[in-house]
Amino acid sequence: MGIYFTVLSSGSTGNATVIQHGGTSLMIDAGLSAKRLDALFQEREISGAELDGILVTHEHSDHIKGLGAMSRKYNLPIYANLNTWAALEKSVGAIPEENRRVFETGEKHDFGSLRVESFGISHDAAEPVGYTFDDGTEKLSVATDLGYMSDKVRDAISDSDVLVLEANHDVELLRMGRYPWNTKRRILSDIGHLSNEAAGAALSELMNGRIKRTYLAHLSRDHNMMDLAKMSVRDAMESRGCFYRDHEFKLCDTYYDRPTPWDRVGEP
Ligand SMILES: O=c1ccn([C@@H]2O[C@H](COP(=O)(O)O)[C@@H](O)[C@H]2O)c(=O)[nH]1
């Protein structure tokens, strides 16, 4: 059957990823306007009407901007833990009871034969999470907006075939950049965002022969570039003794302004 996915948009201007497995279609986050999400769906020849639900990682606007509108437009259930529900309540508008689903951190929910599990991450939100998608043969994990890679996150995602992993910034570019010091301090903190170096360090510990691809996600437009991110992540891996050949492992692009091509998790 296979797990297929496309990262529709990634970065602080809006995040959304669609995962399909057999007859199941799920979206992680809806951080762009419903109009923009519909346009991105069209680019990947899908419709919001095909979705079975939206899984929320946390309540920051770049993850929930279009959440209420999409849920109402296509009558979609929203899945989030109770603390996230409480935190997004004011931003999401009216959602009927039947579309308010609780997905507590650490729980597993089956959507057809696709098992979805959430895991806690460290970020300055009410109760932020990442998600894994596993059909028993293929496994995809999505972990963005994390200040650091905890042992728990590593355990949750280490047996994945494909990762969508944050590589937000180059530390030096951020330090020299235009953001106010408080914002820089927040981004660099344990409840901020993963740097290129930190993503590479985390990958060097995660590499076990199973992970075939990692999509570098949530790149800062001010303090990163895809080529720099790829080079820094690889350098950070190699400096920790983690060398790979290009046919064994790939770092893949995500974009803030266009979707990634459909990818099958089980593809070599
Ligand atoms: O003026 C700003 C710009 C950004 N932020 C937050 O910082 C992080 C990283 O943003 P990037 O766009 O990836 O550089 C993100 O959480 C933004 O929301 C900010 O608070 N103020």
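The chain is numbered in sequence order, starting from 1. No experiment lies behind these values; they were computed from the predicted model shown. Read the numbers this way: they start at 1 and go in the same order the structure lists the ligands and their atoms.
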All side chain to side chain contact (heavy atoms under 4.5 Å, CB included) counterparts of R178, not counting sequence neighbours: D222
Between R100 and E89, is there a side-chain N and carboxylate O pair less than 4.0 Å apart? yes
Between R240 and E205, does any side-chain N to carboxylate O distance fall below 4.0 Å? no
For ligand 1, find each of its N or O atoms that sits under 3.5 Å from a protein N or O atom, and tabulate the pairs with distances to one decimal place.
unit_1: ligand 1; atom_1: 12 (O); unit_2: S12; atom_2: OG; d: 2.5
unit_1: ligand 1; atom_1: 12 (O); unit_2: Y179; atom_2: OH; d: 3.3
unit_1: ligand 1; atom_1: 13 (O); unit_2: N168; atom_2: ND2; d: 2.9
unit_1: ligand 1; atom_1: 14 (O); unit_2: Y179; atom_2: OH; d: 2.6
unit_1: ligand 1; atom_1: 14 (O); unit_2: S220; atom_2: OG; d: 2.6
unit_1: ligand 1; atom_1: 16 (O); unit_2: R186; atom_2: NH1; d: 2.9
unit_1: ligand 1; atom_1: 16 (O); unit_2: R186; atom_2: NH2; d: 3.3
unit_1: ligand 1; atom_1: 16 (O); unit_2: H193; atom_2: NE2; d: 2.8

Using a 4.5 Å side-chain heavy-atom cut-off and chaining through intermediate ILVMFWY residues, the residues clustered with V233 come out as F119, I121, L146, M149, V153, I157, L163, L165, L194, L203, L206, M207, I211, L216, L219, M226, M237, Y244, F249, L251
Salt-bridge contact D227-K230 (side-chain N to carboxylate O under 4.0 Å): no
Under the salt bridge (charged side-chain N to carboxylate O under 4.0 Å, His left out) test, which residues partner D110, sequence neighbours left out? R115
